[in-house]
Peer 1: 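Got a structure for you, written out below as structure tokens; questions coming shortly.
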Amino acid sequence: MPTPTAGPAGAFASKLYVPTGSSRPGETPDFSALKLVSETGSFQPATDCEAGDTVPLARGLVRVLDDQGEAGGPWQPELSDEQLLQGLRHMLHVRAYDDRMFRMQRQGQLSFYIKSTGEEAVAVAQGMALRGGDMLFPAYRQQGLLFVRGRDVVDMMCHCISNARDNCKGRQMPVFYTWKDGNFFSISGNLATQYSQAVGWAMASAYKGEDHIATTWVGDGSTAEADVHNAMLFAATYRAPVILNIVNNQWAISTPQAFAATGTTFAARALGYNIPGIRVDGNDFLAVYAVTEWAALRARQGLGPTVIELLTYRVAGHSTSDNPDAYRAQGEGDAWPLGDPVTRLKQHLIGRGVWSEQQQQELEAELKQSITDAWKQALSHGSLEDGPHWPVATMFDDVFQHMPAHLLRQRQQLEDET
Amino acid sequence: MSSPSRPAADNADDATAPADSDKLTMSMVQAINSALDCTMAADPTVLVMGQDVGFFGGVFRCTEGLYDKYGPHRALDTPITEGGIVAAAIGMGVNGLRPVVEMQFADYIYPAIDQIISELARLRHRSGGEYFAPVTIRAPCGGGIRGGQTHSQSPEGIFTHVCGLKTVMPSSPYDAKGLLISAIEDDDPVMFFEPKRIYNGPFHGHDNNGGSGSWSEHPLGQVPAGHYRIPLGKAATIRAGSQVTVLAYGTMVHVAAAAIRASGIDAELLDLRSLLPLDIEAVAESVQKTGRCVIIHEATRTSGYGAELVAEVQENCFWQLRAPIERVTGWDTPYPHAFEWEYFPSQRRIIEALQRTLAYH
């Protein structure tokens, strides 16, 4: 860990502590502060455990796959070869989609894009561990959920380029998806706001006597928002059937996770609210699936919320608008000690004897082609610059359920002027 | 429709109102409680939530008895975190419930403002119409109870500036019940401001600067026991007149009515009731008739709701205006504890404004 920055030169010898990250440009990446201890190889608590029982899990790290791709330990989930292969396919699909959309942004065909490279296992494994009736309140890097739930890739692309088939009607910037049929909530650009909304959704589910649960995601940096405190307090107070995920991918744009972690783990935050907290290797597809399945069962049994910290690494920049080499060592991702989620699951499947490098290459090629086809289809419904878009006057729709007189007048004015 | 002596309470235009024989005498608090009771009885998706609204029945007693009648799940006590309360209500609304949030004081809305402005107000629009949350946020507002700067504010203008919210403020028990039922049954989010100065009445002292007696002559109203609605977006004519149009809402309707009586001026007084949507037709019709307009609100002046009214009036009535439009408002200072009577738009200030506007020929 690099030495904390010294105080300002001059009259004051500052004792103010300022955290540092895993690296800055020119430094050697150092992840030793993360304490990658897999105490959890050791036990899986009962779903009706006390929050205090999870202390070792909140401070340690749940892993199923070891560095060689071998599965073991008490958290090993019962997943069939077919399910694991499906998970691999979804992750590769997300990666192919991200790569294509990133390139399209660079070519000026999208205004903006956010990749999830390196953390695909989070959304894909968690999505697969949930039921279709469960409600998803995602942040902006969980596009994998849409792939798991079967969202048409063409529709996703149409949203990102705001064309005539965009279900958000040209109102949201790219990646802020909405998909009601898939129980995928509308994503907000204000960080963490939906974390506490998810708790309210879960409270309503319990209120109605239903066993659907809510799941929500926030980044390490966004845990600094008051909404995260609100969510944990409400979830604990009312034992809401909700899973509160914290995706610790090390970087909030250029700000290291240390600025929100305060030297502890994010999962440990749960303990102060009397919520079980579990820290899991977020690049271990099997471990992420198992922990999510456990938390979902707890919620469905009326036992309340669980906080899951998913320890992962944001390989790409925050978005297309930043250059990560300007704030962290070039190639820092290669030093990430928990590897790549796709590679690790592939290794595991090869070790199980149900997959091969050859099949992997064929699948990657197939998905790349499929994404290319989807992009062509999406463009056939219109592009961002040239359209067709939704009719301009539809911007006045959906402000209210029924359009009030002042909006009717403004819409008329717009139509008269254009 | 109205004579000068008739209270705002009898001014509703709701065709569904029950017969007079069904009416009870209620304060605004009781009328609000009755609205909550009616909607909760009729619809199991309606619940009230907020700090102290459950077991205790609310610090102003608006939710009294609901806990005993509907249980702790529907008269839901919450932690003290306004942002958390509104966020939870949004999630509940998305999941098919109709939460009625009580902000203990309108002054406490600010910690929830991101959830209201960025989330609640825009959800339907940003999701292309796929999601909405029918949340009603009730908030006791306004001064005159010795509440100092953190228990006296009138933030309604902030919310009329936000696209996707409806903003309502009643001035009588009858209106409070009918408007609140409409708000709860509306699929859009509604900011429902309750002028706490006229919650219980009668009140004395507002006219320390020159008036006398109660400035709210009708603190209690005849209110139907059962369900009725007053549509959002319809103003009420409190007093017909020919010389000048006075626009007011909430507590100020009563102050204006008293000032008009004291002035001897034949003013037409409109109670806007709903600020957004605004009944601009009623406003324009009146000002076009009288040619003069005085706007009164308790909130601070600069960039306040009165500025919007001035703009609307001049856009709609420019050729009929015979005098500059006047505003009588709270001062542009935080609300003072010791000087609230000087802070309020007083009868004296209103009368002076009426006289100034009539001086133009």
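Every chain is numbered from 1 and lettered A, B, ... according to where its sequence line falls, protein lines coming before strand lines. Keep in mind that what you see is a predicted model, and the values were worked out from it rather than measured.
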Peer 1: Quick one: CZ on R126(B) to NZ on K169(A), what's the gap to the nearest 0.5 Å?
Peer 2: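 Going from CZ on R126(B) over to NZ on K169(A), the span is 14.5 Å.
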Peer 1: Rounded to the nearest 0.5 Å, how far does OH of Y207(A) lie from CG of L47(B)?
Peer 2: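 It is 5.0 Å, given to the nearest 0.5 Å.
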Peer 1: Using a 4.5 Å heavy-atom cutoff, which residues in residues 180-190 of chain B come close to chain A?
Peer 2: D187(B), D188(B)
Peer 1: Is any side-chain N of the basic residue among R409(A) and E281(B) closer than 4.0 Å to the acidic one's carboxylate O?
Peer 2: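 Yes, charged N to carboxylate O under 4.0 Å.
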Peer 1: Need one label for P44(B): side chain, backbone, both or neither, based on atoms under 4.5 Å from any heavy atom in chain A.
Peer 2: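 Only the backbone of P44(B) comes within 4.5 Å of chain A.
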Peer 1: About how many Å separate CE of M92(B) and NZ of K208(A), when rounded to the nearest 0.5 Å?
Peer 2: 11.0 Å
Peer 1: Answer with side chain, backbone, both or neither: which region of Q115(B) has an atom nearer than 4.5 Å to a non-hydrogen atom of chain A?
Peer 2: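 Side chain of Q115(B) only, per the 4.5 Å heavy-atom cut-off to chain A.
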Peer 1: When rounded to the nearest 0.5 angstrom, what is the spacing between CD1 in I85(B) and OG in S196(A)?
Peer 2: 11.5 Å
Peer 1: From E312(B) CD over to H406(A) NE2, what is the distance, rounded to the nearest 0.5 angstrom?
Peer 2: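 It is 9.0 Å, given to the nearest 0.5 Å.
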Peer 1: Does a side chain donor of either T193(A) or E119(B) reach within less than 3.5 Å of an acceptor in the other side chain?
Peer 2: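 T193(A) vs E119(B): donor-acceptor pair found between side chains.
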Peer 1: Looking at every non-hydrogen atom in both residues, tell me the closest pair between P79(B) and L233(A) and how far apart they are.
Peer 2: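 It is CB-CD2, 3.5 Å.
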Peer 1: For each of F137(A), W390(A), W201(A), tally heavy-atom pairs with chain B at distances under 4.5 Å, and name the one with the top tally.
Peer 2: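 When all of F137(A), W390(A), W201(A) are compared, W201(A) has the most.
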Peer 1: Just give me the residue among T78(B), I280(B), V86(B) that pairs up with chain A most often, heavy atom to heavy atom, under 4.5 Å.
Peer 2: T78(B)
Peer 1: What residue in A206(A), G200(A), A214(A) has the most heavy-atom pairs under 4.5 Å with chain B?
Peer 2: G200(A)
Peer 1: What residue, out of F176(A), Y195(A), Y238(A), has the most heavy-atom pairs lying under 4.5 Å from chain B?
Peer 2: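 Among F176(A), Y195(A), Y238(A), the one with the most close pairs to chain B is Y238(A).
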Peer 1: So, the side chain of H125(B) versus the backbone of M395(A): is there a donor-acceptor pair under 3.5 Å, distance only?
Peer 2: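 Checking the backbone N and O of M395(A) against the side chain of H125(B), a donor-acceptor pair under 3.5 Å is found.
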Peer 1: Just to verify, which of I90(B), L120(B), V94(B) counts as forming a side-chain contact (heavy atoms from CB on, under 4.5 Å) with Q197(A)?
Peer 2: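 So the option named by the test is I90(B).
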Peer 1: For a quick test of reading the model, state the closest non-hydrogen atom pair linking F234(A) to T81(B) and the distance between them.
Peer 2: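 Shortest heavy-atom contact: CE1-CG2, 3.3 Å.
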Peer 1: To the nearest 0.5 angstrom, please state how far the CG atom of D77(B) sits from the OG1 atom of T237(A).
Peer 2: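 Reported to 0.5 Å precision, the distance equals 11.5 Å.
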